[in-house]
A.B. asks: 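Below you will find the structure I want to go over with you.
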Number of protein chains: 2
Amino acid sequence: MWKPDRNSKKTLYEQIADYLEQRISYGEFPPGSLLPPERKLAEQFDVNRSTVISAFAELRSMGIIESRIGSGTRVSTSKWGATPKHTPNWSRFAEGGSFLPNLPFLRRIREALTHNPTLIDFASGELSADLAPTNEIAVLMGKNAYTSYLGYVNPQGATPLREALVDYLNNYRGIRTTESSILITSGSQQSLFLITQCLLSPGDAVAIEDPSYCYSLPMFQSAGLRLFRLPVDKHGVQPEDIRTLYKKHRIKMVFLNPNYQNPTGALLSEERRKRLLDIISELGLPVVEDDPYSLTSYDGIPPLSLKSMDTTGSVLYIGSFSKIAASGLRIGWMVAPRSIVERLADARQQMDFGLSIIPQQVAGQFLQSDYFGPHLERLRIQLQFKRDLLIESLEKELSGLIEYVVPAGGIHFWCKLIPSIPDGILLEESIKKGIVMVPGSVYGSDSGYVRFTFARAKSEEIALGISRFAEALRGLIE
Amino acid sequence: MWKPDRNSKKTLYEQIADYLEQRISYGEFPPGSLLPPERKLAEQFDVNRSTVISAFAELRSMGIIESRIGSGTRVSTSKWGATPKHTPNWSRFAEGGSFLPNLPFLRRIREALTHNPTLIDFASGELSADLAPTNEIAVLMGKNAYTSYLGYVNPQGATPLREALVDYLNNYRGIRTTESSILITSGSQQSLFLITQCLLSPGDAVAIEDPSYCYSLPMFQSAGLRLFRLPVDKHGVQPEDIRTLYKKHRIKMVFLNPNYQNPTGALLSEERRKRLLDIISELGLPVVEDDPYSLTSYDGIPPLSLKSMDTTGSVLYIGSFSKIAASGLRIGWMVAPRSIVERLADARQQMDFGLSIIPQQVAGQFLQSDYFGPHLERLRIQLQFKRDLLIESLEKELSGLIEYVVPAGGIHFWCKLIPSIPDGILLEESIKKGIVMVPGSVYGSDSGYVRFTFARAKSEEIALGISRFAEALRGLIE
């Protein structure tokens, strides 16, 4: 990200004016478009707001931009768009489309993290650099640079990776399958996207957990689905609620995250799993089992997958490398009946023509290497350590103000705040103090919950992050 | 793909019966689902149809499958789905969804290529192994194994690649831009998908070329767009036709592939480019310029991009590595106003959470390496050589039966057949003789055209492929 050079002979405001003029001339801000507010630019360029105001004045005097009170600063149409030429109304296009933008809180969090990399991050659902097997993967890549044909891959994904996953699924998740029933996807996210776009139709009713990360994904609304909720307690959802929703709303599919659920950390009990499978097979109802966290089980014994207990072929199983190895690899997988795998692979060809072959090779090699088992063991120990640091800090800083259930695996910590603070205000105050977390309403819960993800922050940041959060919270109570 | 072992002690039909039983038990074919027809399985397993019939009989006798005359063979529900348990009606789910399946001809071609890798491939729009910079990329990967943090990437794509593209776009395409106006995508395909999903609404009218590869992409119909046609002659579209469509149908966007168009190979003339830009800026109409082939220009002088001549910020520019380096990298890019880049990056986060970091690193390094220029030069020479081989073979085999315009760049050869043969019959006969091409109707043209893509086949296969095609064609005429 560009910043003015403090050692330059040119003043800061002149540099900023030159820079903005260049970007306008490149078409980044077309004639008539709104420039970012002065406050934002000042933050981005690391200067006082008055410096940006001077740069704007300079550009205004040259006829390059126009400001109108109450409606911000825009690129001039007279200077750049010689009449009768017109620039498309890009902002109208950006607001159009049937695919919905992300939730405002999530966009705010992303923006805050982009502009201020020193924020302590309890929001991103990924592993910190030291938890990812970066060295192991670098060694594998160094030894096995990709040397085969770099053409389009099988629409279901690279065959060696699918073959490696057959073993992995059998050994680690008790799932017996074959490579032709596996679809490689760009993380769990793409599996969910394909299911919502290709297997369900606008108006269909589906059941999701409450709270649920599904609620944070406008893709469900973009697909025109009607969402009905299955409340989650510390043992997961109540299977009988599925029957109730089915009778009432004819739900077509159930989305579950049974192991160390996002955001609550709940583990669906074994007894409920059995009842759940009985009920869905009685109703002929498909279940999507999203299973990214099971191998983080702190006691080293991953819970059974629903898919491994599924005798009627009712479960679409989704897995991913994002939470157990590296989110930046973008490797996930789905196990499904062949007709479903073929339908989704066909649709995906139209959307992005499949995944790059290189990370698929890397992922397959890592799965089959001697690094994989020890990596998982180290990951489990480190995650438990981070969870304990988080609890220790929370107890120290906020004892009596919070309630929680300690998760036995996963990367999320769900916390009820006893004082009542509106979500938006708490988020802004937290950002000001230098930390981000995710307000619970993002997951469809009532106000007053917070999700702390403890995998992304470094161990040494956790205590500081929680003390900053406590400062923000206490400032709002007093 | 599994095949029975001809050296095994077990008979072929027993092996097939065992194999199918295993797959059924894994849930690949759930209770009640239809098995592939005997003919298809025989082709897949490389056995006589009678062998498959014996395997089916075996499975039937065990109660595992059920056949009913006229409705194929299904997995038994009585054996596998103990009453009152039900399997979801997966085939109904696979037929549902708002996102449409690919065109039947394209699915047929993919299926033929999957089952018979010895087919000579004039259908796939990609480079043969010897044209891709496989060694160069392997050297770069060997030298620079990825060692940085493998976390989620900037939603617009990895910054070093976007910075490398700023130079590339300036040097090779005359486009001045900045890294914040660039979105890295999974090939051009994903750029088009994002545009149709996020910038246009169901019912919107758009203009596409006629014939056009856009017509082959059901994503336009999936997004509910109404398509209107701009006829292409050997100098591309007629700019005035855009005004006509605008007046008549209020088209919202124009999709163009101006350089060595897919499928016709046409190059939009410079004079028409100027008029076109005048007309669209007069109407305030955005143009999507898909530009994957310009650097293959056989004379070494790539045509100007529309974007480089665009003074009103009306062009969304799309580029890709797929046709000039390697389709399996899955690296493309879009240059657009910042509001559009941000909107599309946000939506893409929801669909697949962005691209893997590794191929982005590789692509950036390749662009900035000393390999890139020489690779392009070699590619141009080789493509021209292949084009000439194709013309030579066509003239030898089909002189007087075909008409064509010789393309000056690109990878596609568009050929009118003087005899009138229905597209479907010609395709099936060609597959029988051992070649695949794409019937013209896939691109929305009248029957009687064929697209031969000459980049994918090896040089030494071209003459043989065309003689097989000629055999198929002549057999249908006589």
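The sequence lines fix the lettering, A, B, ..., with proteins before strands; numbering per chain opens at 1.
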A.B. asks: Just verifying a value: how many Å separate L200(A) CG and F99(B) CZ, rounded to the nearest 0.5 Å?
C.D. replies: 15.0 Å

A.B. asks: Are F193(B) and D352(A) close enough that some pair of their side-chain heavy atoms sits under 4.5 Å apart?
C.D. replies: no

A.B. asks: Which answer fits S124(B), side chain, backbone, both or neither, if we ask what part of it has an atom under 4.5 Å from a heavy atom of chain A?
C.D. replies: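 Interface part for S124(B): neither.
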
A.B. asks: From Q197(B) CD over to Q197(A) CD, what is the distance, rounded to the nearest 0.5 angstrom?
C.D. replies: 5.5 Å

A.B. asks: Where do S186(B) and G354(A) come nearest, in terms of heavy atoms and distance?
C.D. replies: OG-O, 3.5 Å

A.B. asks: Need one label for S148(A): side chain, backbone, both or neither, based on atoms under 4.5 Å from any heavy atom in chain B.
C.D. replies: backbone

A.B. asks: Check each atom of P202(A) against the heavy atoms of chain B and say whether the ones under 4.5 Å are side chain, backbone, both or neither.
C.D. replies: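 Contact with chain B is through the side chain of P202(A) alone.
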
A.B. asks: Taking the side chain as C-beta and beyond, is there a heavy-atom pair between S356(A) and S356(B) under 4.5 Å?
C.D. replies: no

A.B. asks: Who among S91(A), G224(A), P359(A), S222(A) has the most heavy-atom pairs with chain B under 4.5 Å?
C.D. replies: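 Option with the top pair count is P359(A).
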
A.B. asks: Is it the side chain or the backbone of L192(A) that comes within 4.5 Å of chain B heavy atoms, both, or neither?
C.D. replies: neither

A.B. asks: Nearest 0.5 Å, what's the OG-CZ distance between S201(B) and F93(A)?
C.D. replies: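 It comes to 9.5 Å.
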
A.B. asks: With rounding to the nearest 0.5 Å, note down the distance linking CZ in R343(B) to CH2 in W90(A).
C.D. replies: 13.5 Å

A.B. asks: Under 4.5 Å between any side-chain heavy atoms of R110(A) and D346(B), yes or no?
C.D. replies: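 The answer is yes; the side chains approach within 4.5 Å.
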
A.B. asks: Of the non-hydrogen atoms in P88(A) and T312(B), which two are nearest, and what is the gap between them?
C.D. replies: CD-O, 4.4 Å

A.B. asks: Specify which of T134(B), T178(B), I357(B) makes the most heavy-atom pairs with chain A at under 4.5 Å.
C.D. replies: T178(B)

A.B. asks: Quick one, Q350(B) and L217(A) - any side-chain contact, counting heavy atoms below 4.5 Å?
C.D. replies: no

A.B. asks: Answer yes or no: is there a side-chain heavy-atom contact under 4.5 Å between M141(B) and M141(A)?
C.D. replies: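 Contact flag for M141(B)/M141(A) side chains = yes.
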
A.B. asks: Could you state the interatomic distance from CD1 (I358(B)) to CZ (R330(A)), rounded to the nearest 0.5 Å?
C.D. replies: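 Result: 12.5 Å between the selected atoms.
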
A.B. asks: Only pairs of heavy atoms separated by less than 4.5 Å count here; which of P101(B), S339(B), P155(B) has the most with chain A?
C.D. replies: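 So the answer, after comparing P101(B), S339(B), P155(B), is P101(B).
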
A.B. asks: What part of I195(A) gets within 4.5 angstrom of chain B, counting heavy atoms only: side chain, backbone, both, or neither?
C.D. replies: neither

A.B. asks: Side chains of R23(B) and S180(A): donor-acceptor distance under 3.5 Å anywhere?
C.D. replies: yes

A.B. asks: Using non-hydrogen atoms and a 4.5 Å limit, figure out which bit of Q349(A) sits close to chain B: side chain, backbone, both or neither.
C.D. replies: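 Both backbone and side chain.
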
A.B. asks: Between atom OG of S188(A) and atom CZ of F353(B), what is the distance when rounded to the nearest 0.5 Å?
C.D. replies: 11.0 Å

